[in-house]
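Have a look at the structure below before the remarks.
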Amino acid sequence: MFVRSTALILTAVAALSLSACATRATRLDAQWVNPEFAGKRAVRSVMVMAAIRDSTNRRMFEDRMVTALSGAGVKAVQSYKFIPADGPVREEQLQRAVSEAGAGHAVVSRVTNVSTEVNVTPGMVMGPTWGPGWGSSAAWGPGWRGFAGYYNTMWMTSTPPRVTTTERVHADTRLFDAASAVVVWSGATTTTTNFNSVQQIIDQFADLLVQAMQADGVI
């Protein structure tokens with residue numbers, strides 16, 4: 001019974017640890033809402049655009065963002081369906097894509113910076129509590145004291161220095177009115193990539209943005 005209870009406790013702790021990691025993967029550093037749109041919930045249709053050169057990550061993000069927006073009652077569509085190329089496009093091409101999608105707004109996310117933090121934990125050496133002169137009796141002699149010291153040092157344990165790196169991706173997301181190109185909402189985020197898979201990070205990122213837009217009353 002004790003073993004089973006211990007296993008259940010360890011499982012629960014592991015689950016909570018994973019949940020905590022997922023929670024802190026992305027944070028919203030700052031957000032702004034245009035006073036003319038705050039609380040009006042005027043956004044009804046959106047084209048989702050990810051300014052990411054990696055085709056797979058771009059499509060993963062746009063798909064997940066569309067799902068999150070749809071869950072909030074907003075009609076959303078991926079930009080890759082109208083702009084398949086991964087890279088800059090001409091203004092008229094961008095306008096045409098938004099028009100063909102029938103979107104009244106466009107939300108654009110881009111990476112602004114990637115920073116890396118290096119943390120070094122010093123190593124340590126732990127040895128036995130007794131010293132190299134093991135045995136006070138003269139019967140052991142100098143030779144035995146030397147042998148005892150050598151033998152005892154074999155039990156010493158050494159922990160090497162540990163170096164860990166934390167990568168943080170800083171992103172900027174803006175929601176535009178398609179007709180006037182006015183910024184309706186914007187948010188700055190920081191994502192720590194060490195904790196979760198790319199899919200988990202994208203899922204949380206999209207949910208966080210949509211929740212923030214809902215809180216500001218634009219959707």
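- Val120 belongs to a hydrophobic cluster with Val118, Val163, counting contacts under 4.5 Å between side-chain heavy atoms of Ile, Leu, Val, Met, Phe, Trp and Tyr, direct or through other members.
- Atom OG1 of Thr192 sits about 8.5 Å away from atom CD1 of Ile201, to the nearest 0.5 Å.
- Between atom OG1 of residue Thr26 and atom CD of residue Gln200 there is a gap of 11.0 Å, rounded to the nearest 0.5 Å.
- Looking at Trp185 and Asp216, their side chains do bring a donor and an acceptor atom within 3.5 Å of each other.
- Atom CD of Glu36 has 12 or fewer neighbouring heavy atoms from other residues, nucleotides or ligands inside a 6.0 Å radius.
- In terms of heavy-atom proximity, Val107 sits nearest to Met213 at CG2-CE, 3.9 Å.
- Side-chain contact between Arg168 and Val114 is absent, with no heavy atoms from C-beta onward closer than 4.5 Å.
- In this structure, Val182 is a member of the same hydrophobic cluster as Leu175, with clusters built from ILVMFWY side-chain heavy atoms closer than 4.5 Å.
- Counted within 6.0 Å of CD on Glu92, heavy atoms from surrounding residues, nucleotides or ligands total more than 12; the atom is thus considered enclosed.
- In terms of heavy-atom proximity, Ala97 sits nearest to Met47 at O-CE, 3.4 Å.
- Of the possible donor and acceptor atoms, none in the side chain of Arg44 sits under 3.5 Å from a partner among the backbone N and O of Gly73.
- Salt-bridge check for Asp86 with Arg59: passed, with a basic side-chain N closer than 4.0 Å to an acidic carboxylate O.
- In this structure, Asp207 CG and Met65 CE are separated by 9.0 Å, a value rounded to the nearest 0.5 Å.
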Yes or no on side-chain hydrogen bond (donor to acceptor under 3.5 Å, both in side chains) for His170 and Thr190, after CA distance, side-chain angles and deciding distance? CA-CA 5 Å; His170 308 276; Thr190 297; 3.1 Å; yes

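- Of all heavy-atom pairs spanning Arg53 and Pro88, the tightest one is NH2-CD, 4.0 Å.
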Test side-chain hydrogen bond (donor to acceptor under 3.5 Å, both in side chains) on Ser79 and Arg58; report intermediate values, then the result. CA-CA 10 Å; Ser79 73; Arg58 174 193 172 192; 3.0 Å; yes

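- No chain of hydrophobic side-chain contacts below 4.5 Å, direct or via other Ile, Leu, Val, Met, Phe, Trp or Tyr residues, connects Leu28 to Val184.
- Residues Ser109 and Thr189 have side chains not in contact (no heavy-atom distance under 4.5 Å, counting atoms from C-beta outward).
- Taking each heavy atom of Ser45 and Val74 in turn, the nearest pair found is N-CG1, 4.1 Å.
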side-chain hydrogen bond (donor to acceptor under 3.5 Å, both in side chains) between Thr116 and Glu167, intermediate numbers included: CA-CA 4 Å; Thr116 301; Glu167 185 180 70; 4.6 Å; no

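- Taking all atoms of both residues into account, the shortest heavy-atom contact from Phe37 to Val218 is O-CG1, 4.1 Å.
- Within the structure, the ring pair (Phe, Tyr, Trp, His ring centres under 6.0 Å) test picks out the following pairs touching residues 197-219 (sequence neighbours left out): Phe61-Phe205.
- Note: Gln204 CD to Thr191 OG1 = 7.0 Å, rounded to the nearest 0.5 Å.
- With rounding to the nearest 0.5 angstrom, the OG1 atom of Thr112 is 6.5 Å from the CG atom of Asp172.
- Linking ILVMFWY side-chain heavy atoms closer than 4.5 Å, directly or via other members, places Ile52 and Met49 in two distinct hydrophobic clusters.
- Distance alone, capped at 3.5 Å, places no donor-acceptor pair between the Ser99 side chain and the Gln95 backbone.
- Rounding to the nearest 0.5 Å gives a distance of 11.0 Å between CD1 of Ile219 and NE2 of His105.
- Under 4.0 Å is where a charged nitrogen must lie from a carboxylate oxygen, and between Asp203 and Arg64 at least one such pair does.
- Residue Val48 is not grouped with residue Leu208 when hydrophobic side chains (ILVMFWY) are merged at heavy-atom distances under 4.5 angstrom, including chains of intermediate members.
- What you find for Val46 and Val43 is that their closest heavy atoms are CG2-CG1, 3.3 Å.
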Could you walk me through whether Tyr80 and Asp63 satisfy the side-chain hydrogen bond (donor to acceptor under 3.5 Å, both in side chains) test, starting with their C-alpha distance in whole Å, then the side-chain angles of each, then the deciding distance to 0.1 Å, before giving a yes or no? CA-CA 10 Å; Tyr80 68 75; Asp63 287 343; 2.6 Å; yes

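- Note on Leu94: it clusters hydrophobically with Val183, by side-chain heavy-atom contacts below 4.5 Å among ILVMFWY residues.
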